[in-house]
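For reference, the structure is listed below as structure tokens.
Reminder, nothing fancy here: chain letters follow the sequence lines and each chain counts from 1.
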2 protein chains.
Amino acid sequence: MEETGKYKKGRQAPEPTLKRLPGYLYYLEQVREDGILNISAPTIGKDLSCDPTQVVKDLAFTGVKGKPRVGYNVYELIHSLEEYMGHNQVNEAFLIGAGNLGSALMAYQQEQALGLRIIAAFDIDKKKIGENIGGVHILEYSKLFSLSGRLNVKIAILTTPNQAAQEVAEDLINCGIKAIWNFTSVNLNLPEGIIVQNTSIGSYAAVLLRRLNDAGNNL
Amino acid sequence: MEETGKYKKGRQAPEPTLKRLPGYLYYLEQVREDGILNISAPTIGKDLSCDPTQVVKDLAFTGVKGKPRVGYNVYELIHSLEEYMGHNQVNEAFLIGAGNLGSALMAYQQEQALGLRIIAAFDIDKKKIGENIGGVHILEYSKLFSLSGRLNVKIAILTTPNQAAQEVAEDLINCGIKAIWNFTSVNLNLPEGIIVQNTSIGSYAAVLLRRLNDAGNNL
DNA sequence: CTTTAATAAAGAATTTATTCTTTATTTGTT
DNA sequence: AACAAATAAAGAATAAATTCTTTATTAAAG
Ligand SMILES: NC(=O)c1ccc[n+]([C@@H]2O[C@H](COP(=O)([O-])OP(=O)(O)OC[C@H]3O[C@@H](n4cnc5c(N)ncnc54)[C@H](O)[C@@H]3O)[C@@H](O)[C@H]2O)c1
Ligand SMILES: NC(=O)c1ccc[n+]([C@@H]2O[C@H](COP(=O)([O-])OP(=O)(O)OC[C@H]3O[C@@H](n4cnc5c(N)ncnc54)[C@H](O)[C@@H]3O)[C@@H](O)[C@H]2O)c1
């Protein structure tokens, strides 16, 4: 029978779900290391302090199937999550601005599966050129233009100081970059169609502070 | 007239709103630097690429009042946001694990108003003890216990490696810490009432990758 | 072989957040 | 002084996300 609109399958996971998936993945890798073969949504929910039906619904978006009385196969689940998040394809990225945060991210990508691979970093600081952090070489910024011509990199991680962000972002677009993971506070002004993923850790601080104040008022 | 339930004032901003507030604050500080005295929600919306009525609703939670045909007074608005987010009170924090990310955060707090002040960092690595990063002294981890007895610090930023996270978190609770800003991937298991703010940058990567894939399919 | 308990999956209801609409206020203009 | 335009604010409608409920499937126990 033909699929009607109402019952169309394979709807895209909503953003809140998508943001939870990396958390499941890390957790499941730990579970796998413990030699556990099957795991149920109620168990996941308990360990991650979240609603078990939400776990079921979240995981269902990846297409994985669980079995009643058994749960999910841990390997299948990990594979399904990685597949869904696009970790199996190669997602190469440049990093611009190898300072405090940039260096941290280069170190981080080694241990943690972010789903993308930083293949080169660029900086204008002569002292940093030539360094290797987390397996990533730091190159002179001007090399960005020639290198991007040869490689087909679509993603850039922007960790320059705020005042350089807009200008660097424009350069990146000229180099064929389609998506910018923006860690600066600047609201980049770029052509239609360019993906800008703003990333504000200040948001988390705001939530933390309120929760703390709320708790304090109940004492 | 007495306030009925339906019209109760001062309802707490929902979390999505709260997470947007730091973005407004940074933007408005730039606006202020440009010498602009008043700003309207439509202008903010255009600059930040978001819905102007959402801007109005978000800002209303801080208690600020705007004027038709004029907009908001930039100074008032900044003050109101800072007040609402608790930036005026002293929010002292310890940082545990002065590695790549910890160092980046120490450098960051100087320039950016996160609403909290890191007053000391702790590490077990002898090479790091004594260093000063972003105005923060790095102390021997064991000093945490004596120091927390004298000071009344409620917040800790956890940036140790994953495998140390649970143990360190337990130490922190014993030192009187009430809220942990957790940057590790570990799902901490702590007593009721302790606030744990998990912070996953992997979530942003997941969203970025999907947006890029979605865009790619439309070519 | 039947029954029972656990659980995934699907669907409904509720809650929450965003967007749209209307109203009222304020300033500048004629 | 009356009028027009811009805009904040309040309210209504829509959309989205979460939580609750029911159903059906499976494996284990009797
Ligand atoms: N440090 C953090 O924890 C943190 C957290 C969130 C966001 N941020 C933001 O990330 C950005 C970087 O922060 P940071 O602490 O790493 O700063 P940083 O000064 O340590 O690093 C910036 C790097 O960019 C390089 N750079 C400057 N101009 C450049 C240009 N035109 N082209 C290429 N490289 C250039 C500098 O040489 C430096 O190495 C800032 O916008 C900051 O607000 C930082
Ligand atoms: N680097 C990043 O960009 C990034 C981003 C997000 C999350 N994280 C997470 O943040 C954590 C830290 O990452 P990092 O890259 O800074 O690692 P890192 O190894 O550079 O830093 C960890 C620091 O903690 C110290 N440490 C180890 N055990 C300790 C203990 N018991 N008590 C006190 N200090 C101790 C180490 O000496 C080191 O200085 C990890 O869990 C990582 O997954 C990192």
C:dT18, C:dA17, C:dT26: which one has an atom nearest the side-chain heavy atoms of B:Gln54? C:dT18
May I ask you to say what B:Ala41 touches in the nucleic acid, namely base, sugar-phosphate or nothing, with a heavy-atom cut-off under 4.0 Å? sugar-phosphate
Checking C:dA6, D:dC20, C:dA17 against the side chain of A:Asp51 (C-beta onward), the nearest is D:dC20
Are OP1 or OP2 of C:dT18 and a side-chain N or O of B:Arg20 less than 4.0 angstrom apart? yes
Rounded distance in Å - NZ (A:Lys46) to C1' (C:dT7): 12 Å
Would you indicate which nucleotide in D:dT25, C:dT27, D:dA27 comes nearest to any side-chain atom of A:Lys67? D:dA27
Starting at atom CZ of B:Arg11, determine the distance to atom P of D:dA10, rounded to an integer number of angstrom. 13 Å
Nearest whole angstrom, please: distance from the C1' of C:dT16 to the CD of A:Glu15. 16 Å
Which nucleotide in the list D:dT18, D:dT25, C:dT18 gets nearest to the side chain of A:Thr17? D:dT18
B:Gln89-A:Asn213 side chain donor-acceptor pair, cut-off 3.5 Å: yes
To the nearest Å, give me how far apart NZ (A:Lys19) and C1' (D:dT18) are. 16 Å
Does A:Phe94 have its ring centroid less than 6.0 Å away from the ring centroid of A:Phe122? yes
Checking contacts here: which listed nucleotide (C:dT19, C:dT7, D:dA9) is nearest the side-chain heavy atoms of B:Lys57? C:dT19
note: B:Leu59, atom CG; D:dA8, atom C1'; distance rounded to Å ~ 11 Å
Should the pair A:Lys19 and B:Tyr204 be classed as cation-pi, given the thresholds of under 6.0 Å to the six-membered ring centre and 45° from the axis? yes
So do the side chains of B:Ile155 and B:Lys178 get within less than 4.5 Å of each other, counting heavy atoms only? no
Does A:Phe61 have A:Arg11 sitting over its ring (NZ/CZ under 6.0 Å from centre, angle to axis within 45°)? no
Which nucleotide, D:dA27, C:dA8, D:dT19, lies nearest any side-chain atom of A:Thr53? D:dT19
With sugar-phosphate meaning primed atoms plus P, OP1 and OP2, does A:Pro52 contact a base, only sugar-phosphate, or nothing at under 4.0 Å between heavy atoms? nothing
Nearest to side-chain heavy atoms of B:Arg69, which nucleotide of C:dA8, D:dA8, D:dA6: D:dA6
Atom CG of A:Asn38 to atom P of D:dA28: distance rounded to whole Å? 11 Å
I need the CD1-P distance between B:Ile44 and D:dT7, as an integer number of Å. 12 Å
Per nearest nucleotide of DNA chain C, the residue lying toward the 5' end, B:Pro68 or A:Ala60, is A:Ala60
Between atom NZ in A:Lys65 and atom C1' in C:dT7, what is the gap in whole Å? 14 Å
